[in-house]
Amino acid sequence: MVNFKRLRLIIIVVFASLIGVTIGLFAWIYNTVFLHACLPMIGGSCLCQLIVYLAYKTAPIPDRKDTLRLVTPIGILYAFLGSLINCVFADVAAGGLDETTDKIPNVFWIVYSTLGLFQLTSFAHMFALSRPTMPSLIYRLVISWPATIHFTGTVLGAFILPGLVVLPRLQVLVPIPALPFFLAGFGFVQSLYDSAWRRIVVQMPHKDAASYPSPLAVKTASFPLKDLPTGGRAAVMQSDPPTLTIVQITDPHLGSFMSIDRLRATCSDIVKIQPDLVLLTGDYFTPEGDCTQHALRTALAPLRALDGRTFACFGNHDIENKRVQQCTEDDLAATGVKLLVNADATLETRIGLVHITSSNFIYANHQEHLATLCQQCPVPSDAALSLFLLHDPKGFQYIPRDRGCITFSGHTHGGQVGFTFGPNAHWSVVKAVAKSPDQGLFRNGDNLLYVHRGTGFRSLSGNMVARVGIPNENSVMWLSPKQKAVDTQVEDAAQEE
């Protein structure tokens, strides 16, 4: 299992090492003209970070002070790293400054100033998040969106920073060093738009020895909403075997990229689809959202039309403190969403009894917690389907393999940074580094796991990385129970042997 605290420490150490190597190369290669341009930007960035620190230290909302443990180390690294990348990219654009440079070219100052202004918006956004509220369109255009582009470009550029120092001396073309910011701009645009709705066809498996994690291919097909509810709904009703339709909302993270109106529009689309169940699997806010009164209930308001068919669990960001947790509980209740916390519920549907179990988010002891929960919430013998709500997919391996349930998770944002090759092939940072299920369908014994790519994504006070290559997800699952006739044939064959 991944130790995320250790992973964060490793990332900080790697970034600090990259900074050290780059400064060493500066001292070896660059003349004093360049250093005179670079050092003021580093000093200015550190001053901005000090102002951000004081803003959080004096924040009127007590729990905002707690985020200093996140904002301070990341902000200091960003102050150094972002400044170095700004200067190196400006140097590359200018063709490389050397000892013969009498006057720094204008192109250097243009790139230097532009990237510096973008970095300044990042510190302005961090400062504003010490007293957060849902942002206006003007604020997003001027502050939070440029901040996200620069922060994402800085993170992507950090891994090639030492190499960039020597690129001008090798006469490497300018577009290559600009690639991180190009990718950041692409990710920014991708983060603004919702993916087209698609249908996912899944059938519960028969007994098998598949071990965790065992990814499975899924059948998918895009569909226009104008065909629903009439055409699509009729196909579901006539399907054989009987099919339950489920829509999942996970990780909307109300804030700079997921406005109230955007999430409300998604919920309106869901009402048009008229699914049998809507499952909300956590992480509903950013600080901007949870500090804005009734933001979530306003965004989820259309789901009132599906009363009795909506169920939810907590994500890790919904229980960061008592204020956020209470806000989440109140807003979900106001929209008719049934919040299940280490509890279960049953629902009569047109295909029979559906059993739903939901786990609270926990940071450790997953095996013991889930084993106890499954004992307390057994699957009824007459249940046609058993569903499990679990925000973090890494706990899936600890659900008893013979429970025969399908787990719905989020948390990973589909890996957030990576690329896809279609519905069943992709690569992401989470998949490569954390070795955790990041998106798609997985199997462990009689259980299935579906990891949703997320309705939105998080833009934290000290982490503003956009989606890059991994789009969000809007999907309807057509879920069929096991075919009992096939089970009987298998059992008969076993008895004859």
- Message: As a quick check of understanding, evaluate side-chain hydrogen bond (donor to acceptor under 3.5 Å, both in side chains) for Glu288 and Thr133, giving each step before the final call.
- Response: CA-CA 4 Å; Glu288 295 163 312; Thr133 186; over 6 Å; no
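- Ring-plane geometry between Trp145 and Phe257 is classed as tilted, the angle between the planes lying from 30 to 60 degrees on a 0 to 90 degree scale.
- The environment of CZ in Phe361 is crowded: more than 12 heavy-atom neighbours from other residues, nucleotides or ligands sit within 6.0 Å.
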- Please walk me through it: do Asp276 and Thr245 pass side-chain hydrogen bond (donor to acceptor under 3.5 Å, both in side chains)? CA-CA 5 Å; Asp276 296 301; Thr245 56; 3.0 Å; yes
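- Enclosure of atom OH in Tyr193 is not indicated, since only 12 or fewer non-hydrogen atoms of other residues, nucleotides or ligands lie within 6.0 angstrom.
- Heavy-atom contacts from other residues, nucleotides or ligands closer than 6.0 Å to CZ of Phe419 number more than 12.
- The residues Asp194 and Arg262 are annotated as salt-bridged, a charged nitrogen and a carboxylate oxygen being separated by less than 4.0 angstrom.
- A donor-acceptor pair under 3.5 Å is formed between the side chain of Asn86 and the backbone N or O of Gly82.
- Checked by atom type and distance alone, the side chain of Ser256 never pairs as donor or acceptor with a backbone atom of Arg140 at under 3.5 Å.
- Taking every heavy atom of both residues into account, Thr250 and His391 meet most closely at OG1-ND1, 4.4 Å.
- Classification of Asp438 and Arg453 as a salt-bridged pair fails, no side-chain N sitting under 4.0 Å from a carboxylate O.
- Looking at Gln274, its side chain does come within 3.5 Å of a backbone N or O of Val271 through a donor-acceptor pair.
- A ring-centre distance under 6.0 Å is not found for His125 and Phe151.
- Side-chain atoms of Tyr284 come within 3.5 Å of backbone N or O of Leu280 as a donor-acceptor pair.
- When every heavy atom of Val52 is checked against every heavy atom of Phe123, the shortest pair comes out as CG2-O, 3.6 Å.
- Counting only N and O atoms by type, the side chains of His317 and His253 include no donor and acceptor under 3.5 Å apart.
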- Task: Begin from the C-alpha positions of His411 and Asp251 and carry the test side-chain hydrogen bond (donor to acceptor under 3.5 Å, both in side chains) through to its verdict.
- Result: CA-CA 7 Å; His411 190 56; Asp251 301 89; 5.2 Å; no
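- Formation of a donor-acceptor pair under 3.5 Å by the His452 side chain with backbone atoms of Gly454 is found in this model.
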- For the pair Phe442 and Asn444, evaluate side chain to side chain contact (heavy atoms under 4.5 Å, CB included) and give the outcome as yes or no after the intermediate values. CA-CA 7 Å; Phe442 297 82; Asn444 183 30; over 6 Å; no
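- Nearest heavy atoms, His426 versus Lys431: O-NZ, 3.3 Å.
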- For Leu339 and Val341, what are the C-alpha separation, side-chain angles and deciding distance, and is it a side chain to side chain contact (heavy atoms under 4.5 Å, CB included)? CA-CA 6 Å; Leu339 176 64; Val341 182; 3.9 Å; yes
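- The main-chain N or O of Ala295 is never found under 3.5 Å from a side-chain atom of Thr292 such that the two would form a donor-acceptor pair.
- Contact record, Gln119 with Ser45: NE2-OG, 3.5 Å, taken as the closest heavy-atom pair.
- Within 6.0 Å of atom CG in Leu137, more than 12 heavy atoms from other residues, nucleotides or ligands are found, so the atom counts as buried in its surroundings.
- In this structure, Cys313 and Ser359 approach most closely via the heavy-atom pair CB-O, 4.0 Å.
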- Evaluate the side chain to side chain contact (heavy atoms under 4.5 Å, CB included) criterion for residues Ser409 and Phe396: first the C-alpha distance (whole Å), next the side-chain angles of each, then the deciding distance (0.1 Å), finally the verdict. CA-CA 9 Å; Ser409 295; Phe396 170 64; 5.8 Å; no
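- The shortest heavy-atom contact between Pro471 and Thr420 is CD-CG2, 4.4 Å.
- Within the 4.5 Å cutoff, the side chain of Leu263 has heavy atoms near those of the Leu254 side chain.
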- Message: For Ile61 and Arg131: C-alpha separation, side-chain torsions, deciding distance, then whether side chain to side chain contact (heavy atoms under 4.5 Å, CB included) applies.
- Response: CA-CA 7 Å; Ile61 303 174; Arg131 292 154 174 81; over 6 Å; no
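- Between His150 and Tyr78, the gap from one ring centroid to the other is short of 6.0 Å.
- With sequence neighbours excluded, the residues satisfying side-chain hydrogen bond (donor to acceptor under 3.5 Å, both in side chains) with Glu329 are Gln325.
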- Message: Determine whether Asn474 and Ser195 satisfy the following criterion, side-chain hydrogen bond (donor to acceptor under 3.5 Å, both in side chains), listing intermediate values before the conclusion.
- Response: CA-CA 6 Å; Asn474 288 313; Ser195 299; 5.8 Å; no
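- For Arg309 (side chain) and Pro275 (main-chain N/O), a donor-acceptor pair under 3.5 Å exists by modelled atom type.
- Residues passing the side chain to side chain contact (heavy atoms under 4.5 Å, CB included) test with Ala466 are Thr148, Thr152, Ser191, Phe457, sequence neighbours excluded.
- Between the side chain of Asp331 and the backbone N or O of Thr328, no donor-acceptor pair lies under 3.5 Å.
- Proximity of a side-chain donor or acceptor of Ser130 to a complementary backbone N or O of Phe127 within less than 3.5 Å is detected.
- A side-chain donor-acceptor contact under 3.5 Å links Asn447 to the backbone of Pro400.
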